[in-house]
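Read the structure below first, then the notes.
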Amino acid sequence: MTARRNLALFAALSALATVVLGLLVAPYAPGAVDRWADRSASTLSPSLLNLLVLPTEPYVLIPAAALIAGICLYRHNRVDALFTVAGPLVAIALNSWALKPAFDRWKGGTLVYPSGHTVSLIAVLTVVVLLVRFKAVAIAVGAVLVCCATVGMVGLGYHYLTDIAGGVCFAPAVVTAMRAALSPRRAREPSTG
């Protein structure tokens, strides 16, 4: 299987996971897992929770994406620079304007499934993983950031744990689909027969 096909398959499976999870949790009150996460995270201090949420904030993610795009442009790779900006923007827009209204899950007067904070963070992290050579390091650092941000978002009451899981599934679906679409197609070998 080609890398392009692998990306498309991963995107499709991630999107399917987002929809299935949304159908299971969105129309219902928070389940046992959500209630457990709320109880556990709410015991932490608000200042620590605010610090943990920091990686999801636009004033952190926008400069990070701009820096990555700038590095791509410096290396004369316009396609990767476009991907760095467009991938997260499309994921955030689709989440805010299509998925959240479609699933209609509310918390405190706000649509919450899938988590927009999580989609923003995971979209940028997915771009990083797809562009760097040391993928294992990027994945490990990203996993730590996502776990910290999860505790912060749940503890501050921004989201249920299952909203965050939906965002974890949705962002890579969009970003990897865009990467597959922007990947150059291999030319077919001419037939010799």
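These values consider heavy atoms only, across backbone and side chains, with no hydrogens, waters or symmetry-generated copies. Model, not experiment: these values are computed from the prediction.
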Q: Find the distance between SG (C148) and CG (L49) and round it off to the nearest 0.5 Å.
A: 11.0 Å

Q) Between NE2 of H159 and CG of D38, what distance do you get to the nearest 0.5 Å? A) 12.0 Å

Q.
Please find the pair of heavy atoms, one from A173 and one from A11, that lie closest to each other, and give the distance.
A. O-CB, 3.2 Å

Q | Interatomic spacing from NE2 in H117 to OG1 in T150 - rounded to 0.5 Å | A | 12.0 Å

Q | Non-hydrogen atoms of A26 and F103 that approach each other most closely | A | CB-O, 3.6 Å

Q) Cluster question for you: counting only ILVMFWY and a side-chain heavy-atom cut-off of under 4.5 Å, with indirect links fine, are L44 and V146 together? A) yes

Q. What residues form a side-chain hydrogen bond (donor to acceptor under 3.5 Å, both in side chains) with T43, not counting sequence neighbours?
A. none

Q. CG/L89 to CE/M178 distance, rounded to the nearest 0.5 angstrom?
A. 8.5 Å

Q) Honestly curious: do V144 and V127 fall in one hydrophobic cluster under the side-chain, below-4.5 Å linking rule? A) no

Q) Between L121 and Y160, is there a shared hydrophobic cluster once you connect ILVMFWY residues whose side-chain heavy atoms come closer than 4.5 Å? A) no

(Q) With heavy-atom distances below 4.5 Å as the criterion, would you say the side chains of L130 and L7 are in contact? (A) yes

Q | Point-to-point distance, once rounded to the nearest 0.5 Å, from CZ of R35 to CG of L161 | A | 13.0 Å

Q.
Taking salt bridge (charged side-chain N to carboxylate O under 4.0 Å, His left out) as the definition, give me every residue that meets it alongside R179, ordered by chain and number, with sequence neighbours left out.
A. D80

Q | Test side-chain hydrogen bond (donor to acceptor under 3.5 Å, both in side chains) applied to T110 - qualifying residues, sequence neighbours left out | A | none

Q) Does a side-chain heavy-atom distance below 4.5 Å link L61 with P88? A) no

**Q.** Residue list, side-chain hydrogen bond (donor to acceptor under 3.5 Å, both in side chains) with D104, at least two apart or on another chain
**A.** W106

Q) At their closest point, which heavy atom of P58 faces which heavy atom of P63, and how far apart are they? A) O-CD, 3.7 Å

Q. Looking only at heavy atoms, which two atoms of V154 and A41 are closest? And how far apart?
A. CG1-CB, 3.9 Å

Q. Honestly curious: do V151 and L125 fall in one hydrophobic cluster under the side-chain, below-4.5 Å linking rule?
A. yes

Q) What about L48 and Y158, same hydrophobic cluster or not, with Ile/Leu/Val/Met/Phe/Trp/Tyr joined at side-chain heavy-atom distances under 4.5 Å? A) yes

**Q.** Distance-minimising heavy-atom pair for P172 and G167
**A.** CD-O, 4.2 Å

(Q) Going by the rule side-chain hydrogen bond (donor to acceptor under 3.5 Å, both in side chains), which residues pair with T162 if we only count those two or more places apart in sequence or in a different chain? (A) D34, R105

Q. Can you name the nearest heavy-atom pair linking V119 to A171, along with the distance?
A. O-CB, 3.5 Å

Q: Verify, without hydrogens or angle tests, whether S96 (side chain) and A93 (backbone) share a donor-acceptor contact under 3.5 angstrom.
A: no

Q.
Between C169 and V20, does the side-chain contact (heavy atoms from CB on, under 4.5 Å) criterion hold? Intermediate values first, please.
A. CA-CA 10 Å; C169 294; V20 169; over 6 Å; no

Q | Steps toward side-chain contact (heavy atoms from CB on, under 4.5 Å) verdict (T56, S120) | A | CA-CA 7 Å; T56 69; S120 301; 6.0 Å; no

Q. Between CG of L99 and CG of L94, what distance do you get to the nearest 0.5 Å?
A. 7.5 Å

(Q) So does N95 get a backbone contact from the side chain of K100, meaning a donor-acceptor N/O pair under 3.5 Å? (A) no

Q) Does the side-chain contact (heavy atoms from CB on, under 4.5 Å) test come out yes or no for T118 and F170, once each step is laid out? A) CA-CA 9 Å; T118 306; F170 181 66; over 6 Å; no

(Q) Taking side chain to side chain contact (heavy atoms under 4.5 Å, CB included) as the criterion, tell me which of V124, I139, I122 meets it with V129. (A) I139

(Q) Quick one, I164 and S115 - any side-chain contact, counting heavy atoms below 4.5 Å? (A) yes

Q) Is any side-chain heavy atom of L73 closer than 4.5 Å to a side-chain heavy atom of R78? A) yes

(Q) Enumerate the salt bridge (charged side-chain N to carboxylate O under 4.0 Å, His left out) contacts for residues 62-74, please, sequence neighbours excluded, ordered by first and then second residue. (A) none

Q: Please confirm whether the backbone N or O of V112 pairs with a side-chain atom of K107, one donor and one acceptor, at under 3.5 Å?
A: no

